[in-house]
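Take a look at the structure below.
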Amino acid sequence: MANRAELPLLLVTGGFGRVASVVVPPLADTFRIHVLDRTEHRFPMEPDQVTTGELHDLDLVARAMHGVDAVLHLAANASPRSPWSVAMDNLTLARTVLDAAAAAHVATVVLASSVHAAGGAFRDGARPVDPATAHPCCAYGVGKAAMEAAAMLHHDLTGASVSSIRFGLTGWPLTTKELADTWLGDQDAADLVRRALVAPPHVGTYHGVSRHGSSRWAVGNAAEDLGWRPRQELPVALSDLPPAENAPCRMFAVRGTPPSPG
């Protein structure tokens with residue numbers, strides 16, 4: 001095993017969040033991990049370095065980017081019920097990270113997008129949803145779709161390798177039938193992120209769903225660009241999952257009807 005000091009340095013924003021708890025610990029054999037988060041929580045793997053602060057602090061983000069080889073941007077308010085102000089703030093945070101990565105000449109950037117960036121296409125019956133399609137189902141999805149466009153621009157301007165991963169249900173228990181189409185198992189999630197970070201130079205948007213969802217959300221470009229294929233089956237038989245009492249998001253609602261509050 002290589003001396004840790006010789007491993008490339010990965011900056012993870014939102015590195016103590018729920019998705020990070022799934023995808024970051026397995027990366028410790030490949031990268032030195034620098035977590036940038038506004039909290040001081042920990043997961044079982046102790047990062048090599050921790051910076052506590054807000055991504056709105058441009059100077060702090062610039063300092064954290066020093067010497068970084070790759071960036072994994074996970075920080076966001078990840079709720080499809082987010083109001084416009086929060087959804088647009090997510091976009092601002094992504095722009096801050098992309099600008100700092102450009103200034104530091106970071107070669108690889110992976111961004112956490114969401115299936116909500118194309119949830120409208122899913123709701124309207126597209127099967128499978130094309131990763132090139134941007135048809136959000138909510139304000140949160142609009143922010144993520146705009147972030148994907150910003151990621152493409154970042155690639156055009158800098159030549160960096162850039163992946164936008166449209167995560168499905170990640171790090172949460174599968175509790176209803178509707179969510180099965182978006183479920184992403186922990187091992188599949190970790191493998192997708194790792195491959196996006198170490199793949200040859202590329203740019204793209206990739207759906208993060210496991211095998212059941214791969215007939216609903218196209219994943220072929222992830223196989224072509226990253227060498228990733230989902231392997232995990234649903235942890236619960238689909239027939240054993242109850243339907244949701246209320247549509248959790250417009251992705252699952254009839255066109256023109258809002259999701260139920262709460």
Side-chain angles (χ1 to χ4, degrees), residues 1-55 57-75 93-94 96-112 151 154-155 158-165 167 170-171 184-204 206 208 222-223 225-232:
M1 181 176 177
N3 186 318
R4 286 205 66 76
E6 298 174 355
L7 294 176
L9 180 61
L10 173 67
L11 177 66
V12 185
T13 69
F16 293 135
R18 185 174 292 271
V19 172
S21 71
V22 170
V23 303
V24 174
L27 295 171
D29 290 340
T30 307
F31 295 93
R32 288 176 291 136
I33 308 295
H34 179 181
V35 166
L36 171 56
D37 203 306
R38 62 185 178 183
T39 74
E40 296 183 357
H41 297 163
R42 296 288 192 273
F43 35 66
M45 181 219 74
E46 187 69 21
D48 297 276
Q49 185 177 349
V50 176
T51 297
T52 304
E54 294 282 349
L55 288 182
D57 186 336
L58 304 186
D59 291 337
L60 180 142
V61 177
R63 291 194 302 272
M65 204 69 67
H66 179 71
V68 164
D69 297 290
V71 175
L72 174 58
H73 175 54
L74 302 177
L93 298 182
T96 297
V97 170
L98 290 172
D99 286 349
H105 306 288
V106 176
T108 303
V109 178
V110 176
L111 303 148
H154 180 80
H155 168 78
T158 68
S161 184
V162 183
S163 303
S164 297
I165 297 178
F167 284 99
T170 309
L184 178 62
D186 290 0
Q187 289 76 33
D188 280 345
D191 189 40
L192 175 55
V193 169
R194 184 186 65 80
R195 289 176 181 271
L197 287 166
V198 303
H202 64 278
V203 61
Y206 308 99
D225 294 353
L226 313 178
W228 179 81
R229 292 174 177 81
R231 300 184 183 279
Q232 289 185 261

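The structure displayed is predicted, hence computed values, not measured ones.
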> Going through the checks in order, is the side-chain contact (heavy atoms from CB on, under 4.5 Å) test met by Leu55 and His73?
Replying inline: CA-CA 11 Å; Leu55 288 182; His73 175 54; 3.8 Å; yes

> Tell me, do Val12 and His34 make a side-chain contact under 4.5 Å, heavy atoms counted?
Replying inline: no

> When rounded to the nearest 0.5 angstrom, what is the spacing between CG in Leu60 and CD in Glu54?
Replying inline: 9.5 Å

> What's the verdict on side-chain contact (heavy atoms from CB on, under 4.5 Å) for Leu58 and Thr96, showing C-alpha distance, side-chain angles and the deciding distance?
Replying inline: CA-CA 7 Å; Leu58 304 186; Thr96 297; 3.5 Å; yes

> Is there a side-chain contact between Gln49 and Ile33 (heavy atoms, below 4.5 Å)?
Replying inline: no

>> Please check this pair: side chain of His202 against backbone of Pro200, looking for a donor-acceptor N/O pair closer than 3.5 Å.
In response: yes

> Are Phe31 and Leu7 side-chain neighbours, meaning at least one heavy-atom pair lies under 4.5 Å?
Replying inline: no

>> Within the 4.5 Å heavy-atom criterion, are Leu72 and Leu11 side-chain neighbours or not?
In response: no

> Any idea which heavy atoms bring Arg32 and Ala5 closest together, and the distance?
Replying inline: NE-O, 3.9 Å

> Hey, does Arg195 have a side-chain heavy atom less than 4.5 Å from the side chain of Asp225?
Replying inline: no

> So, are Arg63 and Asp59 salt-bridged, with charged N and O less than 4.0 Å apart?
Replying inline: no

>> Testing Asp69, Leu197, Asp48 one by one against Leu10 for a side-chain contact (heavy atoms from CB on, under 4.5 Å), which residue passes?
In response: Leu197

> Is there a donor-acceptor pair closer than 3.5 Å between any side-chain N or O of Asp188 and the backbone N or O of Pro230?
Replying inline: no

> Quick check: does any side chain N or O of Thr13 sit under 3.5 Å from a backbone N or O of Leu74, one acting as donor and the other as acceptor?
Replying inline: yes

> Below 4.5 Å, heavy atoms only, C-beta onward: do Val71 and Val110 meet side chain to side chain?
Replying inline: no

